[in-house]
Amino acid sequence: MAPLPRAFFDRPVLEVAPDLLGVVVEHRGEEGVVAVRLTEVEAYDGEADPGSHAFRGRTPRNAVMFGPPGHVYVYFTYGMHWCMNVVCGPEGRAGAVLLRAGQVVVGEPVALGRRTTSKSPRDLARGPARLTVALGIDGGYDGVDALDPRSALRILSGDRVGPDGGAPGTNGTVRSGPRVGVSGDGAGRPWRFWLDGEPSVSSYRPAVARRRAPSGRLSP
DNA sequence: CGGCCGATCCACT
DNA sequence: GTGGATCGGCCGA
């Protein structure tokens, strides 16, 4: 599998996102190599997109989104989960594609060792936080250039990997729909893309406002 | 399988 | 102080 050219990512994020389906993300970690063939992604279109972390401008957390394409933006959420994006161009537009799900095609035993709660191989990278765990990615990878051959984390052309994990094959039909967990004005945009019929695609969950535990101190 | 809910903590207002 | 680009356990159908 060949590395993808920088120009692949230096395009509007809505063009890049569907093209990432079938592409392979590989991490060479301490415990071994794990590679995931992407089956589901979401586009976040910079400061014009209310659903984007860059919507309110640049902050320390989202700074990588404003940088060059091909680097990864990794963020922490819900107090315990890491999620990974790939930054897309054009420059000056903080676009990024959230990697939501994929099929583990290399290093399944290693991924199983990390994903202790996973009960079946298809659940290993079914969901954005599961995917980062399976690959062994956390906040330490924020800003890494995934197109640099020296990086432990790399994005590779998946055109030699089929749905069975080995033989060349087609990627199948690309479908699209609303993004998962996005509320407010950005909710209606059909910027989630997935491969039809893939078992590793995560189930759709609409955004819900959640109650908070009563902020009770113990009674005096 | 689908719905509900708690966990857990950080970024931003 | 508020709520989140989520997950897994538990329950009922």
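Proteins get letters first, then strands, A, B, ... in listed order; numbering begins at 1 in each. Just so you know, these numbers come straight off a predicted model, no measurement behind them. Side chains are part of it too, since the values below use all heavy atoms of this structure and drop only hydrogens, waters and symmetry mates.
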- With A:L153 as reference, evaluate A:E26, A:M84, A:R28 under the side-chain contact (heavy atoms from CB on, under 4.5 Å) test and give the passing residue. A:M84
- Whole-Å distance, A:R126 CZ to C:dA5 P, equals 21 Å
- Item | Salt-bridge contact A:R6-A:D145 (side-chain N to carboxylate O under 4.0 Å) | yes
- Task: Measure from NZ or CZ of A:R11 to the centre of the six-membered ring of A:F8 and say whether it is under 6.0 Å with the direction within 45° of the ring axis.
- Result: yes
- Message: At 4.0 Å (heavy atoms only), tell me whether A:R192 reaches a base, stays on the sugar-phosphate, or touches nothing.
- Response: nothing
- Query: When you check the gap from the basic side-chain N to the acidic O, do A:E42 and A:R179 get nearer than 4.0 Å?
  - Reply: no
- Item | Whole-Å gap separating P (C:dG4) and CZ (A:F76) | 16 Å
- Message: Expressed as a whole number of angstroms, how long is the span from A:K119:NZ to C:dG8:C1'?
- Response: 7 Å
- What is the pairing partner of C:dC11, taking Watson-Crick or G-U wobble pairs with both distances under 3.5 Å in any strand? B:dG2
- A:R115 CZ to C:dG8 P, in whole Å, measures 5 Å
- Pick base, sugar-phosphate or nothing for A:R179, based on heavy-atom distances below 4.0 Å to the nucleic acid. nothing
- Message: Distance check needed: C:dT6 P versus A:Y78 OH, whole Å only.
- Response: 5 Å
- Near-strand residues of residues 44-55 of chain A, defined as heavy-atom separation under 4.0 angstrom from DNA chain B: none
- Using Watson-Crick geometry (N1-N3 plus N6-O4 or O6-N4) or G-U wobble (N1-O2, O6-N3), each under 3.5 Å, C:dA5 is paired with none
- Message: Heavy-atom count check: over 12 atoms from other residues, nucleotides or ligands less than 6.0 Å from A:E91 CD?
- Response: yes
- Starting at atom NE2 of A:H81, determine the distance to atom P of C:dG8, rounded to an integer number of angstrom. 7 Å
- Phosphate-side-chain proximity, A:R100 and C:dT6, N/O vs OP1/OP2 below 4.0 Å: yes
- Task: Just compare B:dC12, C:dA5, B:dA7 and give me whichever is closest to any side-chain atom of A:T59.
- Result: B:dC12
- Message: Taking atom types as they are modelled, would you say the side chain of A:Y75 forms a donor-acceptor pair with the base of C:dA5 within the 3.5 Å cutoff?
- Response: yes
- Query: If you check every side-chain atom of A:T117, which of B:dA7, C:dC7, C:dG8 has the closest atom?
  - Reply: C:dG8
- Could you check whether the rings of A:W82 and A:F76 sit parallel, tilted or perpendicular, using 30° and 60° as the cut-offs? tilted
- Contacts of A:S183 and A:G127 projected onto DNA chain C by closest heavy atom; the upstream (5') one is A:S183
- Only residue of A:R122, A:R37, A:R100 satisfying salt bridge (charged side-chain N to carboxylate O under 4.0 Å, His left out) with A:E198 is A:R37
- Task: For the side chain of A:M80, starting at C-beta, report the closest nucleotide among C:dG4, B:dT8, C:dC7.
- Result: B:dT8
- Message: Looking at A:R93 and A:D49, is any side-chain nitrogen of the basic one under 4.0 Å from a carboxylate oxygen of the acidic one?
- Response: no
- Message: Rounding to an integer number of Å, can you tell me how far A:R130 CZ sits from C:dG9 C1'?
- Response: 12 Å
- Query: Between C:dG4 atom P and A:N62 atom CG, what is the distance in whole Å?
  - Reply: 17 Å
